[in-house]
Protein chains: 2
Amino acid sequence: MAHYERKIPILDCGHEYTRRVLHGKWKIRILLYIAEGINRPSELERHIPQATRRVLDAQLAELLKHEIIDRTVFDESVKHVEYFLTDLGKSLMPIIAVMGKWGNEHIDKLRKAINSN
Amino acid sequence: MAHYERKIPILDCGHEYTRRVLHGKWKIRILLYIAEGINRPSELERHIPQATRRVLDAQLAELLKHEIIDRTVFDESVKHVEYFLTDLGKSLMPIIAVMGKWGNEHIDKLRKAINSN
DNA sequence: ACAATAACTGATAAATTTATCAGTACCTAA
DNA sequence: TTAGGTACTGATAAATTTATCAGTTATTGT
């Protein structure tokens, strides 16, 4: 990724940092899977076939950078990797839960409003 | 804005719709102000000097489209407009509140992680 | 030796979001 | 009649995010 200097600064307040952490097309889905034990990149790839592996890796890298998840390398016969939620990541899950709840409660209205032109 | 056809579809699930509604650099801030009665575009402009009026108008238009806010026109001597939260918008505020709370609780860590390269 | 799986990275294109600049129209007060 | 406030819109540029395509390194099973 090689050191990219952001030109539009991120607002320095709690709301904005939370928005950033959650902002990423596949992040919430990835976190939900990791929370339920689907935590190897190849497994995530199989469970999220709409996203390419390249994109999943990028999202995982950002979640790592933001310290929402961490990574363990298992050097067995075939080396593999497992991701897991950090304490910070665990503390974020209730927010994801309420977002899902609200969205599902209003899904018909939201679908119409958001997908209309 | 003239009918723009989205090419990357929005995932049809509660989490994603919620993310969309909240996704917009100035939206959360706008909603917080509207909730506390700062609800005229010119007032919002004064309270959010980092954003240009054009950008605020665009964000307001999207919040309107998503039915998170609504609008009343006051045809007095000088016509003016007031925005207010719809019921849907009101029901969203607790989510914004927990996002702010979480972000502020972890702000030092988040600031470092997010702004690092 | 060869294909398949594991986990990645680099380069670049496409799409979307955010910002900038320049207008419109209407009203008021100096 | 000019300046300033109200609320907007159009066109386009800049920045960021998402996707695509092509590699790398290493191990297993055929």
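Within every chain, numbering begins at 1; the chains are lettered A, B, ... in the order of the sequence lines, protein sequences first and strands thereafter. Below, all heavy atoms of this structure are taken into account, side chains as well, without hydrogens, waters or symmetry copies.
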Review point. Around atom NZ of B:K65, are there more than 12 heavy atoms of other residues, nucleotides or ligands at under 6.0 Å?
Key: yes
Check your understanding: To the nearest angstrom, how far is B:D75 atom CG from D:dA7 atom C1'?
Key -> 12 Å
Point to revise | Value in whole Å for how far the C1' atom of C:dT9 lies from CD of A:Q59 | key: 16 Å
Exercise for review: Please determine, by modelled atom types, if B:E82 and B:H80 share a side-chain donor-acceptor pair under 3.5 angstrom.
Suggested key: yes
Check your understanding: On DNA chain D, nearest-nucleotide positions of A:T52 versus A:R20: which is more 5'?
Key -> A:R20
Practice item. Can you tell me the distance, in whole Å, between the CG atom of A:L56 and the P atom of C:dA7? Key: 12 Å
Point to revise | Nearest listed nucleotide, side chain of A:R6, among D:dT6, D:dA7, D:dT17 | key: D:dT17
Exercise for review: Remember a base hit wins even if backbone is also touched, and classify A:F74 as base, sugar-phosphate or nothing at under 4.0 Å, heavy atoms.
Suggested key: nothing
Point to revise | Basic-acidic side-chain contact under 4.0 Å: A:D57, A:R53 | key: yes
**Study point:** Nearest-neighbour nucleotide for the B:R40 side chain, D:dA7, C:dT20, D:dT18 considered
**Key:** D:dA7
Review point. Could you give the CZ-to-C1' distance, from B:R46 to D:dA7, as a whole number of Å?
Key: 13 Å
Practice item. Please determine, for the side chain of B:V55, which listed nucleotide (D:dA19, C:dT20, C:dA7) has the closest atom? Key: C:dT20
Exercise for review: Consider the side chain of B:H23, meaning its heavy atoms from C-beta on, and name the nucleotide among C:dT18, C:dA7, C:dT28 that approaches it most closely.
Suggested key: C:dT18
**Study point:** Closest-nucleotide 5' rank along DNA chain C - winner of A:E82 and B:S77
**Key:** A:E82
Practice item. Mind calculating the distance between NZ (A:K25) and C1' (D:dT20) to the nearest angstrom? Key: 13 Å
Check your understanding: Tell me: CD1 of B:I28 to P of C:dT18, nearest whole Å?
Key -> 12 Å
Check your understanding: Would you say A:L11 and B:R29 make side-chain contact, with heavy atoms under 4.5 Å?
Key -> yes
Review point. Got A:T72 and A:N39 here, is their nearest side-chain heavy-atom distance under 4.5 Å?
Key: no
Check your understanding: Looking across every strand, which nucleic acid part, if any, lies under 4.0 Å from A:R53 by heavy atom: base, sugar-phosphate, or nothing?
Key -> base
Review point. When you measure from the side chain of B:W26, which nucleotide among C:dA19, C:dA7, D:dT18 comes out closest?
Key: C:dA19
Check your understanding: Looking at D:dG10, D:dT18, C:dA7, which one has an atom nearest to any side-chain atom of B:R54?
Key -> D:dG10
Check your understanding: If only side-chain N and O atoms of B:K79 are considered, is one of them under 4.0 Å from the OP1 or OP2 phosphate oxygen of C:dA25?
Key -> no
Check your understanding: Is there a donor-acceptor contact under 3.5 Å linking the side chains of B:Y17 and B:D12?
Key -> yes
**Study point:** Distance below 4.0 Å between B:R19 side-chain N/O and D:dT17 OP1 or OP2
**Key:** no
**Study point:** Out of C:dA15, C:dG10, C:dT18, whichever nucleotide has its closest atom nearest the side chain of B:I8
**Key:** C:dA15
Check your understanding: Roughly, in whole Å, what's the span from CG in A:D57 to P in D:dT20?
Key -> 15 Å
Point to revise | Atom-pair distance (NZ on B:K65; C1' on C:dT17), nearest Å | key: 13 Å
